[in-house]
Amino acid sequence: MNLVVVSGGTSDPSSTRMLADRITARVLDRAAASGLELTTAVIELRPLAAELASAQVTGFAPPAVAAAIATLAEADALIVATPVYKAGVSGLVKSFFDVVDQDLLIAVPTVLAATAGTARHALVADEQLRSLFAYLRALTVPTSVFAAGEDWGGSGLQDRVDRAAHELVVLLAADVRSAMRDAGTRYNRVFGGAAEGADEVEFDSDLMRLATGGSAVAPPVRPV
Amino acid sequence: MQFGVFSVGDVTRNPVTGETPSEAERIRAVMAIAKKTEEVGLDVFAFGEHHNPPFMSSSPTTLLAAVAAQTERLVVSTSTTLITTNDPVRIAEEYAMLQHVSGGRMDLMLGRGNTAPVYPWFGEDIRQGLPLALEHYNLLHRLWREDVVDWQGRYRTPLQGFTSTPRPLDDVPPFVWHGSIRTPEIAEQAAFYGDGFFANHIFWPSEHSQRLINFYRQRFAHHGHGTPEQAIVGLGGQAFIAKTSQQAYEQFRPYFDEAPVYGNGPRMEDFARQTPLSVGSPQEVIDKTLTFRETFGDYQRQLFLIDHAGLPLEMVLEQLELLGGEVVPVLRRELDALRPAGVPDAPTHASLVTAKYGDAEPRQPRPNANRGDNVTGGSPYQDTERDQAVA
């Protein structure tokens, strides 16, 4: 199974990447203990910055961004880590997920993580990242991991890392993603997108009947 | 294979001079571009449709009728005609009239448009954009094929015994292309009726259009119109040509950099590498255009966008000279040589007349006398029996 890590940190080393790595290490430990084999791919967003700016304007992914999206499409589990700037998710991280197909991450177990200079930003992961990934219909784990500068000295951070890793591995081990996707539930897909199943066309629909000369369904009765 | 240009009739500031043409200047310029399109040996001029500034392309049939009147060989078409917000009854009437006055030198391309506020301007609801398009076309298709139409649908008032006039030229409906960039239902409708499918292909990597075109081809065969290779495909393209690659880049850069859609975004070099945009010498434009066939298979119509981004008329006319003089003749030769025997050309009025009548005389509907009530009745034309026309 594939674990994909997206880091929006911009320095080297960045505390955002360090946090992502810490979570990754715990996930790999716990996965191994559960008998799961995980391969890891890391998407660093900094090298994509110029292409992402261009993609904001053109609406399509240039080559390096497209490669990153292809990596993301293979994710069985995801860790997303963003720095907090001006009380919000990094623009780089938002720009990247802005050009990702909205159906790419359906039911993918995801750990959300954020770093900041002050603990006052502690809710950015829950209030901003979580709503973004709710829109993408990812399966975010209950524990998000936030690290301000002062957290790196204490033990609470590692507890949260461990809990988030545990939650992710539980979802992975139960293969919740496949169970949700295969349960006969239909998710709308953008035709031709990067998500799996994006080339499948549903012919048994009102629109397809209309496309082939049929009638639209009867209008709802208007109250008099 | 047909080659031509398509325009959306934008009135865009020239970023080099800083001047914005007046609507009058731009309309005159478009007329000049259309006439030049024929003069340099291209086949098609397609135009329209927007209903807000900075566009002036609200009334394509009027403009195209004028173009047809001032040309002899050119096929006029649209890019696109809004099948959502135009009443299909008006489309049937206006384009049938255009078909008559142009002597059959027309077809049309239907699209849903990309301007959300246009829906309420014409009394429609954008939330119903796609079913509106599909239902409207189902009706349009019948209006051109049945003298008398009884119809009931969801999105417009029912029709009872309605006859769209004039009947199509030689009683052969105009050929229709369906334009879409990502909607399988539109491709399915094009395939179902055996109509053409056009991918305006210019703003995204080619692979984006490939899957929808492949889908259309497969469905064209599924619905019994021929093999996938015989489906009728058109593509958009975008070119800026100069004697050398370097000159082309230098001349086009100020326009590219401030162009609506992609301006102030990617570098032109990157955009040209990633999308169908060709900037370069005639040979480079030829080479790039030939890759479209490798991606999509043999196709029937190639339209180029050349009059956008505030390019002044003189430069557009110069582009047409290069396109018609140096690029298209080579493309014609190369693509014709590569095309297998079973792949048809784009339908024309002449080919459709032959397909319908063979050597027989085409039908020329003559109406019965007005009974005084302005109601069509079941048999409005002299050559149809009363009971046969009420289908």
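Quick note on labels: first sequence line is chain A, next is B, and so on, each numbered from 1.
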Side chain / backbone / both / neither for [X] at chain A, heavy atoms under 4.5 Å:
X: B/Phe215; value: side chain
X: B/His208; value: side chain
X: B/Asp270; value: neither
X: B/Ser209; value: neither

Counting heavy-atom pairs closer than 4.5 Å to chain A, which one of [options] comes out on top?
options: B/Arg273, B/Glu207, B/Gln189; value: B/Gln189
options: B/Asn214, B/Val261, B/Leu212; value: B/Leu212
options: B/Pro266, B/Ala187, B/Ala133; value: B/Pro266

Go through the side-chain N and O atoms of B/Ser206 and B/Thr295 and say whether any donor and acceptor fall under 3.5 Å apart.
no

Will you find, in the side chains of B/Arg112 and B/Thr183, an N or O donor that is under 3.5 Å from an N or O acceptor?
yes

Quick one: which of A/Thr110, A/Thr82, A/Thr140 gives a side-chain contact (heavy atoms from CB on, under 4.5 Å) with A/Leu129?
A/Thr82

Give me the one residue out of B/Leu352, B/Leu108, B/Ile91 that meets side-chain contact (heavy atoms from CB on, under 4.5 Å) with B/Pro174.
B/Leu108

Is B/Asp87 salt-bridged to B/Arg156, cutoff N-O under 4.0 Å?
yes

I'd like to know which of A/Ala53, A/Pro63, A/Ala66 tops the heavy-atom pair count under 4.5 Å against chain B.
A/Pro63

Donor-acceptor contact present, side-chain B/Trp144 to main-chain B/Ala92, <3.5 Å
yes

